[in-house]
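Counting convention: from 1, in listed order, for ligands and their atoms alike. Values below: every heavy atom of this structure, side chains too, minus hydrogens, waters and symmetry copies.
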Amino acid sequence: MNLVEQSSQTDRGLVLGGLSNFLIDGQWREPISGSAHEAINPANGEHLGNLGEATAAEVDAAVGAARRALDTPAWGQMLPNERARLLWAIADGIEANAAELSRLETLDQGQPLRVSAGMSVAGAAEHFRYFAGWCTKLDGRVPSVSRRDAMLYTQRVPVGVCGLITPWNFPLLIAAWKLAPALATGNTVVLKPAEQTSLTTLRLAEIMEEAGLPQGVLNVVTGAGATGRLITEHSGIDKVSFTGSTAVGREIVRASSGNLKRLSLELGGKAASIVCEDADLDKIIAKNIANVTNNSGQVCGALSRFYVHESIADEFIARAQEQLGSISVGNGLDEGIQMGPLNSFEHMERVDEMVQSALREGASAVLGGSRMGGDFAAGSFYPPTLLTGVTEQMAVARDEIFGPVMPIMTYTDEDEVIARVNDSEYGLSASVWTENLARGHRLAARISAGAVRVNTVSGLDPAAPWGGMRASGWGREMGAEALEAYTEVKATWIGLD
Ligand code: ADP
């Protein structure tokens, strides 16, 4: 029995309360596996819907559709300015449905509405707009070859079929920051969102179809690691772009070796915050706190180890405790909430275990330090937590936490702090806080990370390359660098005699 005979067809992807469908070759199809995963609201355990686990037959069908779409007149020969208009129309579609998308992201992921609306939905539209502009600017070169009988020109051509695998911390935003450059450069896509947070991706796919994306260009299947593996091992996929854990990143490197897929990997991070003795505490504490609590700390670039100069450590800790303690925690749909739950109980247990192990090893919780009870017990809430007496031997200072936890350490001089900051498996991002511009530049130059920020924590923008060194991954997403990640350079020689 083939796939079409096995599955009934519907015209929508997202089915709230029921079983959502896969988008394969321009049609929404019911998953063969039935309900394999449950979508749960992490604020209260409410059931939101069911998701299928794509089988090998379904991944094959999605890859086949994406391969065929590469060369169709509708996509392969679409003119650059037409593609730009299409990406722009997708951004318009996201904005026209912003209220629904933000609410859905908050329900499924847990992030407060101000984050889902201000960062996730607005950011997703911005990525499509930014890369819409690039469609008409993908120029090649005419290199100066030392030949009289020939000349050559280069072009940037699509890599082919891209397998995009996204995580559960910013489902909509990260899908957009992969889809926009992949499509701007003429690729086709098989996209798999995280099994915990698939709903906004399915809704985005509907919006993209409505905007006029040709059949087969975008295919979406749901499922967990097993489905991800079917994608990363598939010989019909030319490139994988993955955002997630370093452990899975390593597995993907191995799984993709069969046909030597191109890889973009955005993996874990352990961003350091270096607070110099001349930092302006009035300005910087709020920025540090906002960063630690943004999306409950479930951000790859979140500051998660603090090196505070010993001369100001007591004051820094006292002020951080006051501000962290005033953060309003609750259901992200409620007015005024600054921090929602963690994405799942399973993840909450991981965060708590990391905090408990630090406490067992001698750290102190000045604030927080255990899961929240009472009205919060129905959700996976973890309180803002301030840890002092932390050392680099503790996991909380070495490993990614992905929770609203501030582990504080102190330092004495610049050489020492740089050595400690760089002694990390990760190299994604870091922040330096100082009123001395020369010191800011000096320290920034010595930090080994993909993104360094002086007196700021913001750093995500469609125009800014994002990605890490060492175990934080391979390649860069966003900015002009993303165009390189989604294209191959092709050289064409022309004989002149
Ligand atoms: P986390 O550990 O933060 O939950 P993961 O790295 O496990 O994050 O998951 C990120 C994404 O990778 C999800 O979409 C998940 O389903 C997918 N995934 C998990 N395991 C694999 C695998 N072995 N191969 C490909 N994708 C995978």
### Protein non-hydrogen atom below 4.0 angstrom of atom 9 (O) of ligand 1 present
no

### Summary
among protein heavy atoms, the one nearest atom 3 (O) of ligand 1 is W168 NE1, 3.5 Å

### Task
Using the side chain to side chain contact (heavy atoms under 4.5 Å, CB included) rule, take S256 and E233 through it: C-alpha gap first, then chi angles, then the decisive distance, then the call.
CA-CA 5 Å; S256 61; E233 288 174 349; over 6 Å; no

### Among P383, P384, S296, side chain to side chain contact (heavy atoms under 4.5 Å, CB included) partner for V329
P384

### Query
Should the pair D238-R67 be classified as a salt bridge under the 4.0 Å nitrogen-to-oxygen rule?
yes

### Task
Identify, for atom 27 (C) of ligand 1, the protein heavy atom at the shortest distance, and state residue, atom and that distance.
V248 CG1, 3.6 Å

### Message
For the 3.5 Å polar cut-off, considering only N or O atoms, please tell me whether Q196 and ligand 1 meet it.
### Response
no

### Query
For N259, does the CG atom sit with more than 12 other heavy atoms under 6.0 Å from it, leaving out its own atoms?
yes

### Task
Just jot down the side chain to side chain contact (heavy atoms under 4.5 Å, CB included) partners of W134, sequence neighbours excluded, or say none.
Y130, F131, K137, A480, L483

### Task
Would you mind listing which atoms of ligand 1 come within a distance below 4.0 Å of any non-hydrogen atom of E195?
15 (C), 16 (O)

### Message
Keeping T227 on the side-chain end and A54 on the backbone end, is there a donor-acceptor pair under 3.5 Å?
### Response
yes

### Query
Taking it one step at a time, do E206 and R203 satisfy salt bridge (charged side-chain N to carboxylate O under 4.0 Å, His left out)?
CA-CA 5 Å; E206 291 174 354; R203 184 69 190 103; 2.7 Å; yes

### Message
Using a 4.0 Å cut-off to any heavy atom of E251, which atoms of ligand 1 qualify?
### Response
23 (N)

### Query
Got a salt bridge between D92 and R129, using NZ or NE/NH1/NH2 to carboxylate O under 4.0 Å?
yes

### Task
Determine whether the side chain, the backbone, both or neither of S245 has a heavy atom under 4.0 Å from any heavy atom of ligand 1.
both

### Ligand-residue contact atoms, ligand 1 with G244, heavy atoms, under 4.0 Å
6 (O)

### Query
Considering only the protein, which heavy-atom contact is closest to atom 17 (C) of ligand 1, and what is its distance?
I165 CG2, 3.8 Å

### Query
Of the backbone atoms (N, CA, C, O) and the side-chain heavy atoms from C-beta on, which set of R229 has a member under 4.0 Å from an atom of ligand 1: side chain, backbone, both, or neither?
both

### Summary
For K192, the atoms of ligand 1 under 4.0 Å from one of its heavy atoms are 13 (C), 14 (O), 15 (C), 16 (O)

### Query
Who are the salt bridge (charged side-chain N to carboxylate O under 4.0 Å, His left out) partners of E477, not counting sequence neighbours?
K178

### Message
If you count every heavy atom of other residues, nucleotides or ligands that lies below 6.0 Å from R83 atom CZ, does the total exceed 12?
### Response
yes

### Task
Please state which part of T166 comes within less than 4.0 Å of ligand 1, counting heavy atoms only: side chain, backbone, both or neither.
backbone

### Query
Taking only heavy atoms of A224, which atoms of ligand 1 are found under 4.0 Å from at least one of them?
16 (O)

### Task
Quick one: look up the protein heavy atom nearest atom 18 (N) of ligand 1 and list residue, atom name and how far away it is.
G225 CA, 3.8 Å

### Message
For R420, I'd like to know if atom CZ has over 12 heavy atoms of other residues, nucleotides or ligands within 6.0 Å.
### Response
yes

### Query
Among protein heavy atoms, which sits nearest to atom 12 (O) of ligand 1, and what does the distance come to when rounded to 0.1 Å?
F242 CE1, 3.2 Å

### Message
Any atom of ligand 1 sitting under 4.0 Å from a heavy atom of F402?
### Response
no

### Query
Which atoms of ligand 1 sit under 4.0 Å from any heavy atom of G228?
24 (N), 25 (C), 26 (N)

### Message
List ligand 1 atoms under 4.0 Å from A194, heavy atoms only on the residue side.
### Response
13 (C), 14 (O)

